[in-house]
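Structure first, then comments.
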Amino acid sequence: MKMNMKRLTACLLAALMVLAMTACGGNSNAPASDAGNSTSGGDAGNGAASGETIKIGCLAPLTGEVSVYGIATSQGIKMGVDEINAAGGIDGRMIELITLDEKGDATEAVNAYNSLVDQGVVAIIGDVTSKPCIAVAELAAEDNMPMLTATGTAAEITTIGGNVFRTCFMDPFQGQIMATFAADNLGAKKVAVMYDIGSDYSQGLADSFKAQAGAKNMEVTAFEGYGTADTDFTSILNKIIATSPDAIFVPDYYGDVSLALIQARTAGYTGAMLGGDGWDGVLGALPADNLSVANNGYFSNHYATADEAAAKFLAQYKTLFGDDGNAFAALGYDSAYIMADAIKRAGSTDADAIVAALAATDLECVTGHVTFDGNGDPIKSVAVTEFKDGEAVLNAKVSA
């Protein structure tokens, strides 16, 4: 792989830091901190020669504001890798998973990517959120590094290079699906949208929902934005409710969504509330005595919890980590299997061979049967989940 200028600069800075530490009496043989850096598989971390393992890098925000997503995704990846290794690895070679914390920051993600390359990884699973993912994809494309993001939904990600793939749906697709669901399944004639103006995720879903609503001859009665730090949506909701929409689309993550649901129902709105995969986890964020506010709420998701494979995954995840699994964890788990399957079919760790094998993926996963289109995006159905009396149940599967 060629050395790009960003990595060269990072390497030079690292070298200068080592010299400075030596001059100040630093011990270059001291063990590195375990924070944000973990390995999994085989004899990794126990002195195994690099040729005995296949090194795969994982980038995720394990600390910081979006760590809840990074932890779930990375734990899903680790769970998959551990299972693969327990079953014999890839043709007898164990996977050495090297996970680095990028704190949800694009600059940190670039630095972590450079570190993984220096450690000899043959492929990357990551990043988790869209902005760091885009920054990493730009370098990975220069290097032709096989890259699979489990959860990066921004449309731009897979357009950056032919070596870049994703396991999740992209933002515009989810917005399109939910507008179609509102029109065809709920019979909505009038819809409204409220979204986070500071979030690429929220903006992407909002724009695509609005466009598809027009294509389905639904009237968009309101299209209102709010700030990322906002927690009081009362004024926006009152403005929206005054337009009498049949459904309100709120493409945001479950923390803000739980607040929007409570405030919408308090304001007297009883119509449908709609969202994307960021809603997965809403029930856990709501007060236990107020789960009914989620009734008549629907969101696009990557899997149906009632499916046998998903139910088995969720039970095992709970046993291993003590937490309830979610879509991020399931997508991470599937990504580990997709990448391992590609490396196995490639018959080598050559980048071109792995990329070609990824493009030819045809695998049954927890989140559905996965193949990729020519752009590296998955072809699979969407599970529209409905909240009913404190339970998340499958309402419909909507195909592309």
Side-chain angles (χ1 to χ4, degrees), residues 66 68-69 72-73 128-130 150-154 168-182 185-186 188 191-196 199-206 208-209 226 228 230-231 233 236-237 240 247-265 269 271-288 290-306 310 314 323-331 367 381-398:
V66 292
V68 63
Y69 307 115
T73 306
V128 172
T129 55
S130 290
T151 58
T153 55
C168 60
F169 307 120
M170 59 183 177
D171 296 342
F173 180 71
Q174 292 193 78
Q176 178 185 357
I177 285 291
M178 290 310 295
T180 299
F181 175 80
N185 295 66
L186 300 181
V191 292
V193 179
M194 54 181 285
Y195 67 98
D196 181 351
S199 165
D200 291 342
Y201 169 81
S202 191
Q203 179 81 62
L205 268 73
S208 60
F209 180 92
Y226 54 84
T228 301
D230 291 351
T231 57
F233 309 114
I236 288 178
L237 284 165
I240 288 174
I248 302 174
F249 185 54
V250 189
D252 206 338
Y253 296 109
Y254 60 81
D256 285 340
V257 170
S258 65
L259 297 176
L261 287 170
I262 292 171
Q263 292 168 27
R265 301 315 187 195
Y269 184 71
M273 300 284 285
L274 312 175
D277 61 341
W279 279 41
D280 193 19
V282 160
L283 293 178
L286 287 170
N290 204 17
L291 298 180
S292 62
V293 299
N295 286 348
N296 205 18
Y298 307 83
F299 67 100
S300 55
N301 206 359
H302 303 269
Y303 68 131
T305 56
L314 291 170
D323 298 323
D324 291 328
N326 56 24
F328 286 83
L331 288 165
T367 59
S381 62
V382 178
V384 177
T385 299
E386 176 184 2
F387 293 126
K388 280 187 176 181
D389 300 325
E391 297 290 336
V393 300
L394 177 67
N395 180 279
K397 283 197 173 183
V398 183

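As the structure is a prediction and not an experimental result, all values here were calculated from the model. Only this structure's heavy atoms are used, side chains among them; waters, hydrogens and symmetry mates stay out.
- Trp279 places a side-chain N or O within 3.5 Å of a backbone atom of Val250 that can act as its donor or acceptor partner.
- Looking only at atom types and distance, the side chain of Tyr226 has a donor-acceptor partner in the side chain of Asp252 under 3.5 Å away.
- Minimum heavy-atom separation, Leu283 to Gly390: CD1-O, 3.5 Å.
- No close placement of the Tyr298 and Phe387 rings is indicated, their centers lying 6.0 Å or farther apart.
- With contacts defined as side-chain heavy-atom distances shorter than 4.5 Å, the pair Phe209/Ile177 does not qualify.
- Using a 4.5 Å cut-off on side-chain heavy atoms (C-beta onward), Phe299 and Val282 make no contact.
- Neither side chain, Ser208 nor Gln176, offers a donor N or O lying under 3.5 Å from an acceptor on the other.
- Considering CG of Leu261 and CD1 of Ile248, their distance stands at 9.5 Å, rounded to 0.5 Å.
- Ring-plane geometry between Tyr201 and Tyr253 is classed as parallel, the angle between the planes falling under 30 degrees on a 0 to 90 degree scale with a further cut at 60.
- Inter-residue side-chain proximity for Gln174 and Val382 is flagged as unmet; no heavy-atom pair is nearer than 4.5 Å.
- A side-chain N or O of Thr153 and one of Asp171 form a donor-acceptor pair less than 3.5 Å apart.
- Proximity of a side-chain donor or acceptor of Tyr269 to a complementary backbone N or O of Ile240 within less than 3.5 Å is not detected.
- A side-chain donor-acceptor contact under 3.5 Å links Thr228 and Asp196.
- In this pair, Phe169 and His302 present their aromatic rings parallel. The plane angle is below 30°, not in the 30 to 60° band.
- Side chains of Met273 and Val257 form no contact here, defined as non-hydrogen atoms less than 4.5 Å apart.
- Taking the ring centroids of Tyr195 and Phe249, they lie at or beyond the 6.0 Å cut-off.
- Between Asp389 and Asn295, the side chains place a donor N or O and an acceptor N or O closer than 3.5 Å (distance only, hydrogens not considered).
- Of the possible donor and acceptor atoms, none in the side chain of Glu386 sits under 3.5 Å from a partner among the backbone N and O of Val393.
- A donor-acceptor contact shorter than 3.5 Å is absent between the side chain of Thr73 and the backbone of Val128.
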